[in-house]
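As the structure is a computational prediction, the values presented were derived from the model and not from experiment.
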Amino acid sequence: MAIFETGWGSRPILRWTAAVGLACVGFLSSAGAQCPIQLSDITKETGITFKHTDGSCGRYYIMETVTAGLALFDYDGDGDVDIYFLNGSPLPGKQSKVPPRNALYRNDGKWKFTDVTDKAGVGDTGYGLGVAVADYDNNGDPDIYLNNHGPNVMYRNNGDGTFVDVTKEAGVGNGRKVGAGACFLDMDGDGDLDLYAANYLAFSSDTHARVQALTTELMYAIPRHYRPVPDTLYRNNGNGTFTDASADSGVNTQAGWGMGIICGDYDNDDDTDVFVANDVWANYLFQNDGNGHFEEVGLVAGVAYDAGGQAQAGMGVDCGDYDNDGWLDFYLTNYQSEQSTLYKNLGNAMFEDVTFVTGAGAGTLNNVTWGNGFVDFDNDGKRDIFVACGHLQDNIEQFDDASTYHQRNILLLNTGNGKFVDVSDECGDGLKVNLSSRGAAFDDLDNDGDIDVVILNSRREPTILRNDSANENHWIQIRLQGVKTNRDGVGARVKVVAGDLTQIDEVHSGRGYQSHYGTRLYFGLGKRDRIDRVEVRWIGGGVDVVRNVEVDQVLSITEQNNQAKSD
């Protein structure tokens with residue numbers, strides 16, 4: 001194989017001269033059997049007319065490559081998961097008669113969606129990159145935070161289907177920089193949600209002009225030509241305002257090119273840590289001491305670099321317990337020539353890159369990979385992996401015949417024996433869509449007990465995939481409501497025990513590639529028709545246990561009542 005660069009400032013492109021990597025072993029028990037996961041493209045049936053723009057005009061501004069994420073959440077409390085798409089905006093040199101804006105689509109049931117952006121008041125016309133959703137003021141309604149190129153935006157939910165921009169009074173505008181992922185978390189266990197905003201880089205038109213002058217081709221430059229910016233952490237004051245705690249918390253001691261982030265308790269010590277996927281730089285893992293002070297331990301923990309000791313071009317990151325051993329693992333998406341990476345949690349504050357031995361990077365090497373998720377699509381109790389793909393060089397075919405701008409997304413089936421198999425060819429027409437994807441989000445959009453997919457595609461319409469997997473597997477969905485802790489239960493650890501199967505998960509706010517999903521937790525149960533025990537460990541202390549739970553329902557658990565309600 002050979003690696004070459006076309007023009008100074010381009011990313012290295014890998015050209016294959018021989019087939020390398022794991023052979024895809026068969027997942028079928030008998031010839032002709034159907035893949036257990038089936039995803040159908042129903043975008044045209046939904047009534048969604050949103051179209052993404054990156055604001056480009058041929059000048060190749062770097063932020064064009066990284067927009068945007070999306071959010072799945074129930075904004076109006078009617079029990080249906082709604083969709084919020086982020087959008088770009090015109091960059092210098094681009095004219096637009098009607099400013100592009102973000103769009104909120106209300107889920108009306110039966111796969112029909114209505115654009116309620118104007119009514120809700122969330123049509124931000126800024127340059128959208130990342131989004132997180134949570135009830136930051138603990139009043140029972142989900143609020144929205146946008147991490148933009150330029151000033152960020154906080155929308156407070158009024159509880160009547162409308163939102164108000166409270167950025168100024170909340171104090172979370174975060175200045176003028178190129179943003180990235182965002183997460184709400186309770187970093188100190190005080191019962192309200194703090195806010196972590198990743199920062200990609202510092203940008204100016206002068207810097208852009210200098211960088212473009214170095215290239216021999218019209219193309220997007222690597223972020224190393226721009227100054228990295230430390231991330232920002234805001235402490236919630238409990239009165240609707242936030243204080244910049246970046247210095248006090250220790251997160252501003254590092255400056256990387258942050259992209260996707262996720263917050264989770266990787267070391268099982270009952271507080272929330274932060275993983276930051278950095279582009280062309282070592283990843284960061286901020287270990288929380290329980291009081292909201294963080295130490296960067298990525299190198300020591302084994303997630304800063306891949307198995308070969310190389311820094312990757314990290315894009316998105318999700319966490320989940322793929323092997324059901326009680327510890328959260330990380331899955332990282334990367335640039336072309338770098339497989340997406342699976343870091344297995346060894347349970348001693350250490351991780352191992354197991355991408356090759358598990359097959360978790362299958363199909364990703366020649367793609368640029370973005371949105372991702374650990375998702376049990378067939379409810380068999382084993383979390384599969386979905387990867388959104390699409391190149392960022394829109395003219396890649398002109399100088400590399402190993403890749404394309406439009407790329408097909410990837411689905412990796414968890415076989416249950418520590419291996420993943422690429423089933424993208426066998427899982428329905430939903431994986432035949434060929435576009436340049438960015439954010440991906442996963443939730444049960446039709447409330448039928450399995451998880452569907454929404455993908456934001458750069459410069460195009462989104463893709464909506466309905467889960468049509470046909471099986472008799474059981475499931476449970478769990479929705480938490482905090483009382484002393486934060487209302488959404490963000491950071492809470494849930495354990496579900498059903499016979500010989502024990503699973504864990506946590507409530508996250510912000511994850512994957514600059515996106516948000518999963519406020520309700522989903523557990524596939526296979527053929528097990530009874531749940532012995534559901535245990536909730538709330539952030540800040542307290543454990544609730546519910547026993548002898550029926551399957552195939554949405555279970556609501558309220559903190560410290562030791563009571564549960566089925567919907």
Side-chain angles (χ1 to χ4, degrees), residues 27 29 36-38 79 81 264-265 268 270 318-329 344-345 347 373-386 412-420 442-444 446-452 467 469-481 489 491-508 517-538 542-567:
F27 67 90
S29 59
I37 302 173
Q38 294 292 306
V81 176
D265 183 9
N268 288 4
D270 297 327
D318 193 27
C319 67
D321 184 10
Y322 82 91
D323 52 0
N324 290 333
D325 66 352
W327 299 86
L328 292 175
D329 311 293
K344 175 180 169 57
N345 194 330
F374 282 108
V375 182
D376 183 359
F377 286 105
D378 53 356
N379 286 338
D380 64 351
K382 302 183 290 288
R383 296 184 183 275
D384 313 296
I385 298 175
F386 189 98
L412 303 175
L413 177 76
N414 188 336
T415 65
N417 61 354
K419 306 289 184 182
F420 291 87
F442 313 91
D443 218 313
D444 186 1
D446 53 357
N447 289 327
D448 66 346
D450 53 33
I451 302 180
D452 311 295
N467 191 336
S469 303
N471 57 61
E472 297 180 355
N473 290 337
H474 297 293
W475 52 274
I476 186 76
Q477 300 180 21
I478 296 174
R479 183 168 56 204
L480 301 182
Q481 180 174 312
R493 170 74 62 94
V494 176
K495 178 190 292 186
V496 174
V497 180
D500 62 339
L501 178 64
T502 299
Q503 301 178 77
I504 64 155
D505 203 359
E506 291 182 356
V507 180
H508 305 288
Y517 60 89
T519 302
R520 285 187 293 185
L521 300 182
Y522 296 78
F523 298 87
L525 302 171
K527 304 305 180 187
R528 301 163 187 85
D529 60 4
R530 194 74 185 174
I531 297 172
D532 302 304
R533 185 170 183 263
V534 177
E535 176 185 297
V536 183
R537 301 184 68 88
W538 305 90
V543 178
D544 284 329
V545 178
V546 184
R547 301 181 187 276
N548 299 319
V549 177
E550 294 184 0
V551 300
D552 302 337
Q553 63 162 320
V554 179
L555 182 71
S556 295
I557 300 177
T558 301
E559 181 184 11
Q560 292 186 349
N561 290 335
N562 284 315
Q563 296 176 352
K565 180 182 69 174
S566 300
D567 290 351

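- Remark: side-chain polar atoms of Asn345 are not paired, donor with acceptor, to backbone N or O of Trp327 under 3.5 angstrom.
- Between the side chain of Arg537 and the main chain of Ala492, no donor-acceptor pair closer than 3.5 Å is present.
- With hydrogens and angles disregarded, no donor-acceptor distance shorter than 3.5 Å links the side chain of Asn473 to the backbone of Gly524.
- With no hydrogens or angles considered, a side-chain donor-acceptor pair links His474 and Asp552 at under 3.5 Å.
- Thr519 has its side chain out of reach of Arg479: every pair of non-hydrogen atoms, C-beta onward, lies at least 4.5 Å apart.
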- Item | Candidate pair Asp318 and Tyr517, rule side chain to side chain contact (heavy atoms under 4.5 Å, CB included), full reasoning | CA-CA 11 Å; Asp318 193 27; Tyr517 60 89; 3.3 Å; yes

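- Rounding to the nearest 0.5 Å gives a distance of 10.0 Å between CD of Gln503 and NZ of Lys382.
- Under the side-chain hydrogen bond (donor to acceptor under 3.5 Å, both in side chains) criterion, Asn324 pairs with no residue at all, not counting sequence neighbours.
- Put simply, the side chain of Asp384 reaches to within 4.5 Å of the side chain of Asp378, judged on heavy atoms.
- Inter-residue side-chain proximity for Val551 and Gln553 is flagged as unmet; no heavy-atom pair is nearer than 4.5 Å.
- Contact of the Asp544 side chain with the Glu535 side chain is not registered, since no non-hydrogen atoms from C-beta on lie closer than 4.5 Å.
- Between Lys344 and Asp325 a salt bridge is recorded (basic side-chain N to carboxylate O distance below 4.0 Å).
- Between the CG atom in Leu328 and the CD atom in Glu506 there is a gap of 5.0 Å [rounded to 0.5 Å].
- Defined by atom type and a distance below 3.5 Å, a donor-acceptor pair is present between the side-chain atoms of Gln477 and Asp444.
- Geometrically, Arg383 does not engage Tyr522 in a cation-pi contact, judged by NZ or CZ lying under 6.0 Å from the ring centre and within 45° of the ring axis.
- Summarising the geometry, atom CD1 belonging to Ile451 is positioned 10.0 Å from atom CZ belonging to Arg520; distances are rounded to the nearest 0.5 Å.
- The main-chain N or O of Asn467 is found under 3.5 Å from a side-chain atom of Asp452 such that the two form a donor-acceptor pair.
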- Item | Residues Gln481, Ile557; criterion side chain to side chain contact (heavy atoms under 4.5 Å, CB included); working and verdict | CA-CA 6 Å; Gln481 180 174 312; Ile557 300 177; over 6 Å; no

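- By the neighbour-count criterion of 12 heavy atoms within 6.0 Å, atom NZ of Lys419 is densely surrounded, having more than that number from other residues, nucleotides or ligands.
- Formation of a donor-acceptor pair under 3.5 Å by the Asp265 side chain with backbone atoms of Asp270 is found in this model.
- Residues meeting the side-chain hydrogen bond (donor to acceptor under 3.5 Å, both in side chains) test with Asp532, sequence neighbours left out: none.
- A centroid separation of less than 6.0 Å is found between the aromatic rings of Tyr322 and Phe420.
- The backbone N or O of Phe523 sits nowhere less than 3.5 Å from a side-chain atom of Asn379 that would complete a donor-acceptor pair.
- To the nearest 0.5 Å, the span separating CZ on Phe374 from CG on Leu412 amounts to 10.0 Å.
- In this structure, Arg493 does not pair ionically with Asp505, as no charged nitrogen and carboxylate oxygen lie closer than 4.0 Å.
- Checking each of Val549, Val554, Leu521 against Ile476 for a side chain to side chain contact (heavy atoms under 4.5 Å, CB included) leaves exactly one that passes, namely Val549.
- The backbone N or O of Gly326 sits less than 3.5 Å from a side-chain atom of Asp321, completing a donor-acceptor pair.
- How far CG of Leu555 is from CD1 of Ile531: 7.5 Å, rounded to the nearest 0.5 Å.
- Closest of all the heavy-atom pairs between Arg528 and Leu525 is NH1-O, 2.9 Å.
- We find the CD-CG distance between Glu559 and Leu480 to be 9.5 Å, quoted to the nearest 0.5 Å.
- With hydrogens and angles left out, the side-chain atoms of Ser469 and Asn471 include no donor and acceptor closer than 3.5 Å.
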- Test Thr502 against Lys495 for side chain to side chain contact (heavy atoms under 4.5 Å, CB included), laying out the working first. CA-CA 7 Å; Thr502 299; Lys495 178 190 292 186; 3.8 Å; yes

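- Trp538 approaches Gly489 most closely through the heavy-atom pair CZ3-CA, 4.1 Å.
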